[in-house]
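As the structure is a computational prediction, the values presented were derived from the model and not from experiment. In each ligand, atom 1 is the first atom listed, and ligand 1 is the first ligand listed.
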Amino acid sequence: MSRADLARATGLARSTISQRVEALIAHKLLTESGEGPSTGGRPPMRLAFNARGGVVLAADLGATHCRLAVTDLAGEVLAEQGAELAIARGPDEVLPWMLDRFDELLQGAGCTRAEVRGVGIGVPGPVEFDEGRAVSPPIMPGWDGIRIPERVHPRFPVPVLVDNDVNLMALGEYGAVWRDQVEDLLFVKVGTGIGCGIIASGRVHRGAQGTAGDVGHIQVSDHSGEVCHCGNVGCVEALASGSALAGQLRALGLSAAHSRDVVELARAGQRDAVRLIRAAGRRLGEVLAGAVNLFNPAVIVIGGDMAHAHEHLFAGVLEVVHRRSTPLAARNLRLVASSLDDRAGIMGCALGVLDEVLAPSAIDASLAQYTESGK
Ligand SMILES: [Zn+2]
């Protein structure tokens, strides 16, 4: 749009539009993108959102591996890196490591610290969202009560968003693929553990204490007293997660240390692996049938390592979901594998940060600062 188009569309005075546009250009959020068609006199200058007017840092910290990225203001990845990193090494080791990788990635993308507008971090445990504080995370020893933004601010004094990794994966998948089509979606991560991110009416639903979607510890009926690390028996995570399946295969004498080994065996056609993944799908299906009856999602997206064996996993899930869910809730339900795969988390980090730093109130606040300082 040109300045004249904006004045027509908003009904604001040309002078008001000009003043605002100059501030946004100075703030690198708008750019003049060339001349539009002339209607007689001098052709009007077109304005466009300046996606390269800053960058976002994203870190998806999983239990055993992580992915980090620098994105532009449209969420496009400019540089990224995956690495093996155990979250259990604790915040004093993990967070400085992460900040150093951010600096390397910035350098690789040809950017400076001053261009960073926000940081998004996903962690594999419950988070008190407003404070970015990890709360009694079972697989993150040493992180309880740590306010993560405080550790990031000395190097990057910008808004820092911290959330549970599965919530961010749900947000990433929703924002990149589904936002224009549906409002209610479940993202189920089946990897070392089992967790679920809930998008309700287009927004992440975190619940009263931030633990909504913690489906891994729902009990399934088809169990033989297997003890979960949470202390209960028969949790779906203790029976149908990648690490549970690896254990079941080891008990049969096969070599499987992690979920990825399970997937490889199934892909190679190993019959026990295929059989056990289908059984895991049915157990997961029992939990999801309950979720479907409770929440009536339009789409269930399955992510995490086990999604790579989705043809076997989904067969079991669908069998039970269709038998156990109410017909109306299941009729148009779609079950799909994550299309962003191991990028869902960093995409969610970036989109979550961008929703915050590009919100009208945030832009107003930063422009007010700009005007006051007279720069
Ligand atoms: Zn449990």
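Between E286 and R283, no side-chain nitrogen of the basic residue sits less than 4.0 Å from a carboxylate oxygen of the acidic one, so the salt-bridge criterion is not met. A salt bridge links D364 with R20: at least one charged nitrogen is closer than 4.0 Å to a carboxylate oxygen.
Apart from V227 itself, the hydrophobic cluster it occupies contains V233, where clustering links Ile, Leu, Val, Met, Phe, Trp and Tyr at side-chain heavy-atom distances under 4.5 Å.
Excluding water, every protein N/O/S atom under 2.8 Å from the Zn ion (ligand 1) is given here by residue and atom: H217 ND1, C228 SG, C230 SG, C235 SG.
Inspection of the Q19 and T16 side chains reveals no N or O donor paired with an N or O acceptor under 3.5 Å.
Side-chain atoms of Q270 come within 3.5 Å of backbone atoms of A273 as a donor-acceptor pair (strictly under, hydrogens ignored). Remark: the backbone N or O of G125 is paired with a side-chain donor or acceptor of N164 at under 3.5 angstrom.
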